[in-house]
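One structure is given here, and the rest of the page talks about it.
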Amino acid sequence: MLSKLRRILTDERGISTPEAITIAGLAALMGFFVWATMRPFTTNSANTLGGKVQNAVSSNNPTW
C-alpha cells in the first residue's frame with residue numbers, strides 16, 4: 001500500500017481525482033482512529049484538571 005502511494009506521489013503526471021479521493025479518505029480514516037484512541041485519555045485529563053481547578057477556586061484548602 002505504501003509503495004503504491006509513494007509511486008503515485010512521485011509520478012511526474014500528478015495524481016488523478018480517484019487517487020486524490022483515496023488519499024483523502026485514508027487520511028480521514030487515520031485521523032478518526034487517532035481521535036478515537038486519544039479521546040478517553042484527553043477526557044480523563046480534562047476532568048482531572050477541571051477538578052483541581054474547581055478545588056483550588058472554591059476551597060480554602062487546595063490540594064495543589
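Atom CG of N47 sits about 10.5 Å away from atom OG1 of T42, to the nearest 0.5 Å. A distance of 10.5 Å separates OG1 in T43 from CE in M38, rounded to the nearest 0.5 Å.
Minimum heavy-atom separation, P40 to A36: CD-O, 3.5 Å.
Follow the hydrophobic side-chain contacts under 4.5 Å out from M30 and you never reach V34; the two are in separate clusters. L29 and I23 fall into different hydrophobic clusters, where Ile, Leu, Val, Met, Phe, Trp and Tyr residues are linked whenever their side-chain heavy atoms come under 4.5 Å apart, directly or through other members.
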